[in-house]
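Here the structure is laid out as structure tokens; the discussion comes afterwards.
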2 protein chains.
Amino acid sequence: MMQLSYTEENYLKALLKITYESGKGQAGTNELATHMDLKPATVNDMLRKLKEKGFISYQKYGKITMLEPGKLKAIEIIRKHRLWETFLYKKLEFTWDEVHEVAEQLEHIQSAKLVERLAKFLDFPEFDPHGDPIPDENGLFKVKHKKTLSEVGIGKKAKMVAVKDNSSLFLKYVMGVGLGLNNVIKVISKQDYDSLMVIEVNGKRSNVSLKFAENIYVI
Amino acid sequence: MMQLSYTEENYLKALLKITYESGKGQAGTNELATHMDLKPATVNDMLRKLKEKGFISYQKYGKITMLEPGKLKAIEIIRKHRLWETFLYKKLEFTWDEVHEVAEQLEHIQSAKLVERLAKFLDFPEFDPHGDPIPDENGLFKVKHKKTLSEVGIGKKAKMVAVKDNSSLFLKYVMGVGLGLNNVIKVISKQDYDSLMVIEVNGKRSNVSLKFAENIYVI
DNA sequence: AAATTTTGTTAGATTCGTCTAACTTATATA
DNA sequence: TATATAAGTTAGACGAATCTAACAAAATTT
Ligand SMILES: [Mn+2]
Ligand SMILES: [Mn+2]
Ligand SMILES: [Mn+2]
Ligand SMILES: [Mn+2]
């Protein structure tokens, strides 16, 4: 399979993300444009190209779905991204809010040997610093968690296993509340009106919004 | 200083290399084009751009010299290149003929923190897997070796400290002769006509050409 | 069913990095 | 010094990735 450009790789990655996350397995032009911070016209051109190359299925005015080669390529990039994040976090002492930005660049380095050696060097990690699963060399990975903190009932406890939002802003906020992966969270109370929650982590109580709670995955 | 493109970075790196290696501290359009495997017309356009940005000094039909900002940028890229080569070699078990190609990509990753953490992780190495000096965070590095195997007299011994040609083809050839960094080489004989040498390394004798000998740095 | 809004497409332009072909200037050679 | 060759420049083109402005189709609301 021919070499994809940096840009094409990013489109496939974004497409996989939104087709999966929407649950419907499909996406629209505007939706993709918004997600990638591009104009619909720009995306439209690229869609014709990706269709031409056999990565996606799509026809004029229709919805976009990913074809197998597109999915595989996207998963490969996600694998690289998460391995690099793990490397930065575990070996170079980056904090979890610093890794994403650099991994966005590193994920595009082309070298099959590098990816496999890196995986081995890291002892074949299964999760990245944000709790997201790392696909293996065959593209297989654990299904993502579905339950978020916002769904935990009053008085109940849950363990934080991942974050949905990977932005530095959010991650710093999470740290500020004294929260990290694998911490146990107890829901003390929840407002009926706006779902504002009081949670307790390691004995420390904090107020968190619905938006916050929806971005914390728990089990 | 504004962000340079991948391409601009490569021009500066190539320019530093040829201005230094020529000894004259200057380069010509065609020379640079040949070195980068581009057409002179292409290079000409870029030269106007790099001049405009203050990285080089050059006027129509004249020679190119590098200005301080250009040198600093080029040295920074060389630092990254050599640190990555060292990482691949020392930590990921790449062979010395495999590292260059991947480092050509990695050298363009933008993150000051990454470079410094990588240097620390590698324990601030001073030389890369080919024996080339790694500039420190201030751009300072040991002056390069000048003497090559071709200058060693018959019956004399010398220690190999670096290679000039970093191509996989050459490096594999060097390994084939049983030669590696820090090995002691004894010159057994040399033909007057074509400088073909017989050398001895770890008790093993081999015939090597002038071209080969000129690409091995020794002290 | 008509009107409005949302979604998606097309045409035309721009920037970057590259090329070929034609031209100009500088250098080397007879 | 005249001519030939080497080195360097310019004009015009192109593909990739982006944009804006105008248009078309589909979906939603009245
Ligand atoms: Mn990430
Ligand atoms: Mn990316
Ligand atoms: Mn190299
Ligand atoms: Mn490069």
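Numbered from 1 within each chain, the chains take letters A, B, ... in sequence-line order.
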By nearest atom, which of the nucleotides C/dC19, D/dC19, D/dT9 is closest to the A/Asp45 side chain? D/dC19
Given the options B/Leu118, B/Leu122, B/Val102, B/Trp84 meets side-chain contact (heavy atoms from CB on, under 4.5 Å) only with B/Leu118
Nearest-Å distance, [atom1] ([X]) to [atom2] ([N])?
{"X": "B/Arg48", "N": "D/dG8", "atom1": "CZ", "atom2": "P", "result": "16 Å"}
{"X": "A/Leu50", "N": "D/dA16", "atom1": "CG", "atom2": "P", "result": "12 Å"}
{"X": "A/Leu47", "N": "C/dG8", "atom1": "CG", "atom2": "P", "result": "10 Å"}
{"X": "A/Leu38", "N": "D/dT18", "atom1": "CG", "atom2": "C1'", "result": "8 Å"}
{"X": "B/Asn44", "N": "D/dA6", "atom1": "CG", "atom2": "P", "result": "20 Å"}
{"X": "A/Met46", "N": "C/dT10", "atom1": "CE", "atom2": "C1'", "result": "17 Å"}

Tabulate below the donor-acceptor pairs under 3.5 Å that side-chain atoms of residues 212-219 of chain B make, not counting sequence neighbours, or state none.
residue, atom, partner, partner atom, Å
B/Asn215, OD1, B/Asp165, N, 3.4
B/Asn215, ND2, B/Lys211, O, 2.9

With heavy-atom distances below 4.5 Å as the criterion, would you say the side chains of A/Arg82 and A/Asp132 are in contact? yes
Residues within residues 2-34 of chain A bordering DNA chain C, heavy-atom distance below 4.0 Å: A/Gly28, A/Thr29, A/Asn30
Going by the angle between their ring planes, with limits at 30° and 60°, are A/Phe87 and A/Phe121 parallel, tilted or perpendicular?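 The rings of A/Phe87 and A/Phe121 sit tilted, inter-plane angle from 30° to 60°.
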Is the A/Tyr6-A/Tyr11 ring centre distance short of 6.0 angstrom? no
Are a donor atom and an acceptor atom from the side chains of B/Asp128 and B/His81 found within less than 3.5 Å of each other? no
Check whether any side-chain nitrogen or oxygen of A/Lys63 sits under 4.0 Å from OP1 or OP2 of C/dG8, and answer yes or no. yes
Centre of B/Phe55's six-membered ring, under 6.0 Å away, within 45 degrees of the axis: is that where NZ or CZ of B/Lys71 sits? no
Please list, for nucleotides 20-27 of chain C, all pairs of protein and nucleotide N/O atoms separated by less than 3.5 Å.
none

For B/Lys13, run the side chain to side chain donor-acceptor pair (under 3.5 Å) check against B/Glu104, B/Glu76, B/Glu8 and tell me which one passes.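 Between B/Lys13 and the candidates, side chain to side chain donor-acceptor pair (under 3.5 Å) is satisfied uniquely by B/Glu104.
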For B/Arg117 and A/Leu92, the nearest pair of non-hydrogen atoms, with its separation, is NH1-O, 2.9 Å
